[in-house]
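Every heavy atom of this structure was used, including side-chain atoms; hydrogens, water molecules and symmetry mates were not.
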Amino acid sequence: MEIVLGILKAAGMVGGVGLFIGVFLGIAAIKFKVKTDEKEEAVLGLLPGNNCGGCGFAGCSGLAAAIAKGEAAVNACPVGGQPVADKIAAVMGVETESGIRKTAFVRCQGDCDKTTLDYEYTGIEDCRMLSFVPNGGAKTCNYGCLGFGSCVKVCPFDAIHVENGVAVVDREKCKACGKCIEVCPKHLIELIPYDSKYVVACSSEDKGPVTMKGCTAGCIGCSLCVKACPQGAVKVEAFHAAIDQESCIGCGVCAEKCPKKAIVEVR
């Protein structure tokens with residue numbers, strides 16, 4: 001009988017402690033409940049949830065909090081684009097400006113058929129590791145795409161692939177999150193307006209003769225494109241041509257005049 005009473009007392013004590021803890025936690029949850037911003041939750045529900053960081057914040061929750069506080073624009077999400085921006089603007093009770101759709105572009109055509117090699121590289125196939133090898137890679141051109149696909153590995157949208165030794169962006173899949181730009185050690189990738197017609201697909205800043213030794217498609221800074229452009233949209237600096245996309249009318253004269261075909265039509 002004493003054993004039974006002991007068991008009952010122990011069970012009662014355990015049950016009482018459990019009840020006390022449950023009540024205490026319930027009261028604490030109510031007292032210390034963090035008030036959530038309804039707008040923030042609504043905005044978060046509209047964001048795509050990729051958490052790519054392309055907006056400059058720590059994931060979609062960080063952007064939602066910033067938008068709710070008025071610290072970020074309603075069209076700050078590059079993945080959601082204009083449709084999501086319009087919905088967020090409705091939640092926030094503001095008007096949204098039409099954003100310019102952008103896409104990543106690799107400023108290099110130096111594939112296996114157009115470039116020369118100084119040596120055969122065997123080692124870790126990661127572009128970021130090549131800064132530790134002679135000349136920053138096996139290609140004669142020190143400005144060219146290394147072709148090991150570090151950008152491919154970080155793209156959350158399967159929008160960039162290495163083709164014949166050089167990275168190429170699928171602009172229909174690209175969401176302009178900027179992941180590939182951050183990881184490229186050669187700084188070859190940039191965001192351009194989706195509607196761009198012509199771009200300089202080269203990053204070399206070497207003098208013409210040096211560029212030609214390393215790549216048959218490299219810009220040699222001859223300035224024929226500058227002279228041919230009717231809008232004055234092309235300039236050559238540091239032996240490298242660049243097109244001002246705001247001034248460019250897409251006539252294609254610069255591409256026609258380029259002797260190395262370093263200026264290409266965006267497709």
Side-chain angles (χ1 to χ4, degrees), residues 48-56 58-60 77-81 101-194 196 198-206 210-211 213-219 240 242 260-267:
N50 295 90
N51 294 310
C52 64
C55 58
C60 293
C77 175
V79 179
R101 182 181 176 183
K102 292 188 175 182
T103 183
F105 180 78
V106 182
R107 294 182 288 115
C108 180
Q109 295 185 91
D111 60 25
C112 297
D113 300 324
K114 298 184 179 73
T115 55
T116 59
L117 301 178
D118 290 334
Y119 57 88
E120 290 293 332
Y121 170 78
T122 56
I124 299 174
E125 296 190 351
D126 187 319
C127 302
R128 292 165 291 185
M129 297 301 296
L130 283 241
S131 59
F132 300 101
V133 305
N135 295 328
K139 289 183 177 179
T140 301
C141 176
N142 292 329
Y143 296 90
C145 176
L146 297 168
F148 288 123
S150 295
C151 51
V152 176
K153 297 168 187 174
V154 300
C155 178
F157 307 104
D158 191 36
I160 187 167
H161 298 91
V162 174
E163 299 178 5
N164 196 25
V166 67
V168 179
V169 175
D170 181 339
R171 65 179 190 150
E172 299 304 326
K173 290 184 178 181
C174 179
K175 302 299 182 183
C177 70
K179 291 279 189 180
C180 57
I181 296 173
E182 294 175 3
V183 79
C184 178
K186 295 289 186 177
H187 309 294
L188 299 177
I189 310 174
E190 66 178 352
L191 291 181
I192 63 172
Y194 177 84
S196 297
Y198 291 90
V199 291
V200 181
C202 177
S203 298
S204 176
E205 294 183 1
D206 286 329
V210 177
T211 298
K213 287 181 180 179
C215 180
T216 59
C219 174
H240 176 263
K260 309 304 292 184
K261 304 304 177 186
I263 300 178
V264 300
E265 184 177 4
V266 181
R267 300 179 184 277

A.B. asks: Between S150 (side chain only) and C127 (backbone N and O only), is there a donor and an acceptor less than 3.5 Å apart?
C.D. replies: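 Looks like yes, one N/O pair under 3.5 Å.
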A.B. asks: V169 pairs by side-chain contact (heavy atoms from CB on, under 4.5 Å) with which of C174, C155, C151?
C.D. replies: C174
A.B. asks: Of I189, L188, T115, which meets side-chain contact (heavy atoms from CB on, under 4.5 Å) against C145?
C.D. replies: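 Among the candidates, only L188 passes.
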A.B. asks: Look at atom NZ of K114 and say whether more than 12 heavy atoms of other residues, nucleotides or ligands are closer to it than 6.0 Å.
C.D. replies: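 Yes, the 6.0 Å shell around NZ holds more than 12 heavy atoms from other groups.
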A.B. asks: Would the distance check show the side chain of K186 and the main-chain N or O of N142 forming a donor-acceptor pair, the cut-off being under 3.5 Å?
C.D. replies: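 Looks like yes, one N/O pair under 3.5 Å.
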A.B. asks: With distance as the sole test, does H240 use its side chain to make a donor-acceptor pair with the main-chain N or O of C219 at under 3.5 Å?
C.D. replies: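 The answer is no, because no donor-acceptor pair under 3.5 Å joins these two groups.
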A.B. asks: Just wondering, are more than 12 heavy atoms of other shown residues or ligands nearer than 6.0 Å to NZ in K173?
C.D. replies: yes
A.B. asks: Once rounded to the nearest 0.5 Å, what's the spacing between atom CG of L146 and atom CE of M129?
C.D. replies: 12.5 Å
A.B. asks: Heavy-atom distance under 4.5 Å between the side chains of P48 and V79, does that happen here?
C.D. replies: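 The answer is yes, as the side chains (C-beta and beyond) meet within the 4.5 Å cut-off.
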A.B. asks: For the atom pair CZ (F105) and CD1 (I160), what is the distance rounded to the nearest 0.5 Å?
C.D. replies: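 Taking CZ in F105 and CD1 in I160, the distance rounds to 11.0 Å.
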A.B. asks: So do C215 and S204 actually touch side chain to side chain, heavy atoms under 4.5 Å?
C.D. replies: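 The answer is no; the side chains never approach within 4.5 Å.
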A.B. asks: Got a donor-acceptor contact below 3.5 angstrom from the T211 side chain to the D206 backbone?
C.D. replies: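 Flag set: sc T211 to bb D206 pair under 3.5 Å.
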A.B. asks: For Q109 and V264, indicate whether the former's side chain and the latter's backbone hold a donor-acceptor pair under 3.5 Å.
C.D. replies: no
A.B. asks: Do the side chains of K213 and T116 get nearer than 4.5 Å, heavy atoms only?
C.D. replies: no
A.B. asks: Any donor and acceptor pair, going by atom type alone, linking the side chain of S203 with main-chain N or O of Y143 inside 3.5 Å?
C.D. replies: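 Judged by distance alone, no pair lies under 3.5 Å.
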A.B. asks: Verify, without hydrogens or angle tests, whether N51 (side chain) and C60 (backbone) share a donor-acceptor contact under 3.5 angstrom.
C.D. replies: yes
A.B. asks: Distance-only, no hydrogens or angles: does the Y119 side chain make a donor-acceptor pair with backbone N or O of P134 under 3.5 Å?
C.D. replies: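 Answer holds: yes.
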A.B. asks: Taking A176's backbone N and O only, do any of them form a donor-acceptor pair with R101's side chain (distance below 3.5 Å, no angle check)?
C.D. replies: no
A.B. asks: Are the side chains of D170 and F157 in touch, meaning some heavy atoms are under 4.5 Å apart?
C.D. replies: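 D170 does not reach F157 side chain to side chain.
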A.B. asks: Taking atom OG1 of T103 and atom CD of E190, what is their separation to the nearest 0.5 Å?
C.D. replies: 11.0 Å
A.B. asks: Considering the options L130, D126, I124, which one meets the side-chain contact (heavy atoms from CB on, under 4.5 Å) requirement together with F148?
C.D. replies: L130
A.B. asks: Quick one: closest heavy-atom pair of H187 and R107, and the distance?
C.D. replies: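 Nearest pair, atom of H187 first, then R107: O-NH2, 2.8 Å.
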A.B. asks: Between A262 and G218, which heavy-atom pair has the shortest distance, and what is it?
C.D. replies: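 That closest heavy-atom pairing would be CB-C, 4.1 Å.
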A.B. asks: Under 3.5 Å, side chain of K179 to main-chain N/O of C52, donor-acceptor pair present?
C.D. replies: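 At least one qualifying donor-acceptor pair exists.
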A.B. asks: Say you draw a straight line from NZ of K175 to SG of C77; how long is it, rounded to the nearest 0.5 Å?
C.D. replies: 10.0 Å
A.B. asks: Should we count CG of L117 as having more than 12 external heavy atoms under 6.0 Å?
C.D. replies: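 Yes, enclosed.
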